Amino acid sequence: MESSPQTQHSPLGELVAIRRQKLKALRDLGVDPYGGAFDTTGTVADVREVFAEGKFVSLAGRITAYRDMGKSRFLDLSDIGGRMQVYLNGKELDEATLAVAAQLDIGDFLGVEGECFTTRTGEPSIKVSRLAVLSKSLRPLPDKWHGVQDSETRYRQRYLDLIANAPSRETFRQRSLVVREIRRFLDERGFLEVETPMMQAIPGGAAAEPFKTHHNALGMDFYLRIAPELYLKRLLVAGFPKVFELNRSFRNEGISRRHNPEFTMLEAYWAYADFRLMSVMVEELICHLAAMLGCEDHQVHHRDMEGNVTRTINLSRPWKRASYRELIEEAVPGWFALDAEGKRSRCAELKLDISHCPEEFEMTQHVFEKLVEEKTIDPCFVTHVPKELVPLARLNDADPSTVDVYELIINGQEISPGYSELNDPDLQRERLEHQAGEEQQKIDTEFLEALEYGMPPAGGIGIGIDRLVMLLTGAESIRDVILFPHLKNRPTGE
RNA sequence: GGGUUGGUAGCUCAAUGGUAGAGCAGUACCCUUUUAAGGUAUUGGUUCUGGGUUCGAGUCCCAGCCAACCCA
């Protein structure tokens with residue numbers, strides 16, 4: 001705990017001290033500044049809905065503006081969904097109420113009862129007949145007009161960001177709508193939502209560095225999952241034909257504009273389907289979500305602070321489908337005709353740093369990431385991906401050097417992979433062993449055992465929900481769609 | 001991990017190496033339909049931290065901390 005700011009000889013301390021004096025004044029008036037339940041007509045939005053001249057309503061919210069005109073006082077009561085103006089008439093209210101009103105600050109939670117009326121400037125308002133202090137705010141809120149600009153404050157004290165910045169509120173409201181709608185969409189199609197372990201003895205389903213933890217009673221180490229995949233497939237073995245999980249996974253890797261150590265992923269599996277069917281469902285889902293958020297003509301517009309359109313994503317169906325090879329040839333003609341040395345010098349010409357790509361397929365993948373993925377704004381399903389990149393998918397019958405998957409690229413980043421899942425237990429074991437190399441202990445042999453009981457052929461998808469929300473809301477950073485992104489600890493104190 | 005930029009009042013931002021300022025918030029007063037209310041007055045500073053250069057540092061140099069962006 002930090003020391004109380006009012007004990008410090010600081011400007012902030014003085015502001016807090018003044019508010020504490022008001023707190024005491026309220027108590028001296030016989031008012032509990034942290035009142036209990038308050039019966040309301042509803043939220044601000046609800047009250048606006050039922051608003052009718054002369055109607056008696058009751059509303060609670062935070063004071064976000066205070067306009068004192070002498071005998072007349074107007075204040076704004078806000079909640080996450082909007083604001084409502086409240087009017088205090090200095091001549092009609094009793095002395096006790098006015099004395100309480102004199103101790104109010106921006107930031108306080110207040111409950112009011114009164115009649116609806118419209119001011120002559122046309123503002124729907126509530127003429128207060130009774131008020132109740134619900135929570136006295138002891139610290140000053142951010143600037144009412146500029147909000148919180150400092151990114152560090154916005155992330156560390158997200159509540160201040162949400163209080164002060166309407167666009168941030170809207171982003172997180174939309175995120176919530178998206179998650180809810182995905183569940184509804186899948187439920188409508190017969191998918192069953194399940195919950196599988198986030199603590200796993202062997203973290204499988206992806207290639208990523210896991211977080212490690214320890215269970216005392218069992219006396220064993222666990223890892224936070226990097227993907228739910230291997231458990232969801234066990235449920236296919238169990239006989240569930242359609243399952244999904246929409247929840248957190250964890251990867252102990254770098255933090256960037258597009259990476260948070262914990263992130264939200266949808267994984268869905270559909271028995272007897274394949275990656276093509278999954279791609280159509282994902283196309284439908286994302287278009288549906290965009291439409292729900294009000295995008296017109298399948299155009300998603302990203303805007304800057306002034307509201308100018310900075311990017312338009314065209315979601316018109318059908319979405320482009322092209323093979324990994326085609327897309328790379330398109331970006332770098334003649335690429336696949338080059339030998340390893342040729343590829344290396346071509347990368348140098350293209351100013352691509354491939355110092356971390358010893359293998360040829362890694363150079364190719366780097367070219368793909370830089371010259372295809374990052375430049376693909378409108379949706380594109382990339383198919384026929386090299387098998388080295390995707391060890392858990394079914395090999396393509398016609399070209400066994402590739403797998404039956406799609407990688408959906410939108411907005412310059414991978415949004416969703418979709419597979420025809422590999423259900424041959426022997427081949428799966430071989431591919432996992434090859435992937436694990438020296439580290440055979442990293443193979444989830446119990447998963448392989450499950451496969452040996454028989455897993456139906458299936459289509460599977462993953463969707464990175466954070467990135468999906470970025471694309472739908474125009475957020476530039478993953479931190480703008482995660483309520484509490486991880487940052488380093490603050491040095492000390494404030 | 002490397003590079004670039006930034007960190008000044010509660011918030012948003014200024015300030016050629018030469019007295020640290022403004023708007024909002026706060027405080028006091030005026031004002032009965034305002035709404036970024038308005039008017040008058042006014043309080044408020046460890047300029048991120050620690051060193052250094054200098055007659056003099058928010059400003060220049062070094063180191064560190066935190067953040068954003070780019071690269072890996």
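Please read these numbers as outputs of a predicted model, since none were measured by experiment. The figures that follow rest on heavy atoms only: side chains count, while hydrogens, waters and symmetry mates do not. The chains referred to below are lettered A, B, ... by the order of the sequence lines, with proteins before strands, and numbering in each begins at 1.
Across all strands, K370(A) comes closer than 4.0 Å only to sugar-phosphate atoms, never to a base (heavy-atom distances). Nucleic acid contact for I18(A): sugar-phosphate only, since backbone atoms but no base atoms lie under 4.0 Å from a heavy atom of the residue. Residue-level contact check: Y155(A) touches the backbone only, with heavy atoms under 4.0 Å from sugar-phosphate atoms and none from bases. Heavy atoms of L487(A) sit under 4.0 angstrom from primed sugar atoms or phosphate atoms, though from no base atom. Across all strands, Q149(A) comes closer than 4.0 Å only to sugar-phosphate atoms, never to a base (heavy-atom distances). G254(A) comes within 4.0 angstrom of no nucleic acid atom, judged by non-hydrogen atoms across all strands. Here D68(A) lies in heavy-atom contact (under 4.0 Å) with a base. Residue S151(A) is classed as a sugar-phosphate contact, given heavy-atom separations below 4.0 Å to backbone atoms only. Using a 4.0 Å heavy-atom criterion, one finds that T153(A) contacts no nucleic acid atom at all.
Between M84(A) and P124(A), the shortest heavy-atom distance links the atoms SD-O, 3.5 Å.
Spacing between G26(B) and U12(B) at atom C1', rounded to whole Å, works out to 16 Å. G45(B) sits 40 Å from U33(B) when the C1' atoms are compared, rounded to a whole Å. With both ends at atom C1', the span from U32(B) to A25(B) equals 25 Å, rounded to whole Å. Taking atom P in both U8(B) and G3(B), the straight-line distance is 24 Å, to the nearest Å. Rounded to whole Å, the separation between the P atoms of C61(B) and U4(B) comes to 12 Å. If you take atom C1' in C69(B) and the same atom in C60(B), they sit 25 Å apart, rounded to whole Å. Taking atom P in both G44(B) and C30(B), one finds a spacing of 24 Å when rounded to whole Å. For the P atoms, the distance from U46(B) to G58(B) is 13 Å, rounded to whole Å.
The side chain of K144(A) places an N or O atom within less than 4.0 Å of a non-bridging phosphate oxygen (OP1 or OP2) of A25(B). Between U27(B) and K22(A), a contact under 4.0 Å exists linking OP1 or OP2 to a side-chain N or O. Not one side-chain nitrogen or oxygen of R257(A) sits closer than 4.0 Å to the OP1 or OP2 atom of A68(B). Contact between the side-chain N/O atoms of K488(A) and the OP1/OP2 oxygens of C66(B) is found at a separation under 4.0 Å. Residue R479(A) has a polar side-chain atom (N or O) positioned under 4.0 Å from OP1 or OP2 of A68(B). Between R73(A) and U35(B), a side-chain N or O to OP1/OP2 separation shorter than 4.0 Å is absent. Remark: R67(A) is not in phosphate contact with G38(B), judged by side-chain N or O atoms under 4.0 Å from OP1 or OP2.
Counting atom types as modelled, Y87(A) pairs a side-chain N or O with a base atom of U32(B) as donor and acceptor under 3.5 Å. Between the side chain of T119(A) and the base of U34(B) there is at least one donor-acceptor pair of N/O atoms closer than 3.5 Å. The base of U33(B) does not come close enough to the side chain of S72(A) for any donor and acceptor atom to sit less than 3.5 Å apart. Side-chain to base pairing of R83(A) with U35(B): one donor and one acceptor N or O lie within less than 3.5 Å of each other.
Ion pairing between R83(A) and E123(A) holds under the 4.0 Å rule for side-chain N and carboxylate O. Salt-bridge check for D108(A) with K22(A): failed, with every basic side-chain N at 4.0 Å or more from each acidic carboxylate O. Residues K127(A) and E92(A) are paired through a salt bridge, judged by an N-O separation under 4.0 Å between the basic side chain and the carboxylate. Salt-bridge check for K343(A) with D339(A): failed, with every basic side-chain N at 4.0 Å or more from each acidic carboxylate O. We find that R62(A) and D76(A) are not joined by a salt bridge, their nearest charged nitrogen and carboxylate oxygen being 4.0 Å or further apart.
The distance between atom CG of L160(A) and atom C1' of A25(B), rounded to the nearest whole Å, is 14 Å. Atom pair Q85(A):CD and A36(B):C1' shows a separation of 14 Å (rounding to whole Å applied). W145(A) places its CH2 atom 13 Å from the C1' atom of A37(B), with the value rounded to the nearest Å. In this structure, CG of D150(A) is placed 8 Å from P of C11(B), rounded to the nearest angstrom. Between the P atom of A68(B) and the NE2 atom of H486(A) lies a distance of 13 Å, rounded to the nearest Å.
The closest side-chain donor-acceptor pair between D480(A) and Y155(A) falls under 3.5 angstrom.
Residue order along RNA chain B, read from the 5' end via each residue's closest nucleotide, puts L141(A) first among L141(A) and T121(A).
Remark: G26(B) base-pairs with U42(B); criterion is Watson-Crick or G-U wobble with both hydrogen-bond distances under 3.5 Å. In this structure, A20(B) makes no Watson-Crick or G-U wobble pair, since no nucleotide meets both defining distances under 3.5 angstrom. Figure legend. A68(B) is base-paired to U4(B); pairs are counted as Watson-Crick or G-U wobble with both atom distances under 3.5 Å.
Nearest to the side chain of R156(A), among A67(B), C69(B), U12(B), sits A67(B).
Looking only at distances, a side-chain donor or acceptor of Q440(A) sits under 3.5 Å from a matching main-chain atom of G437(A).
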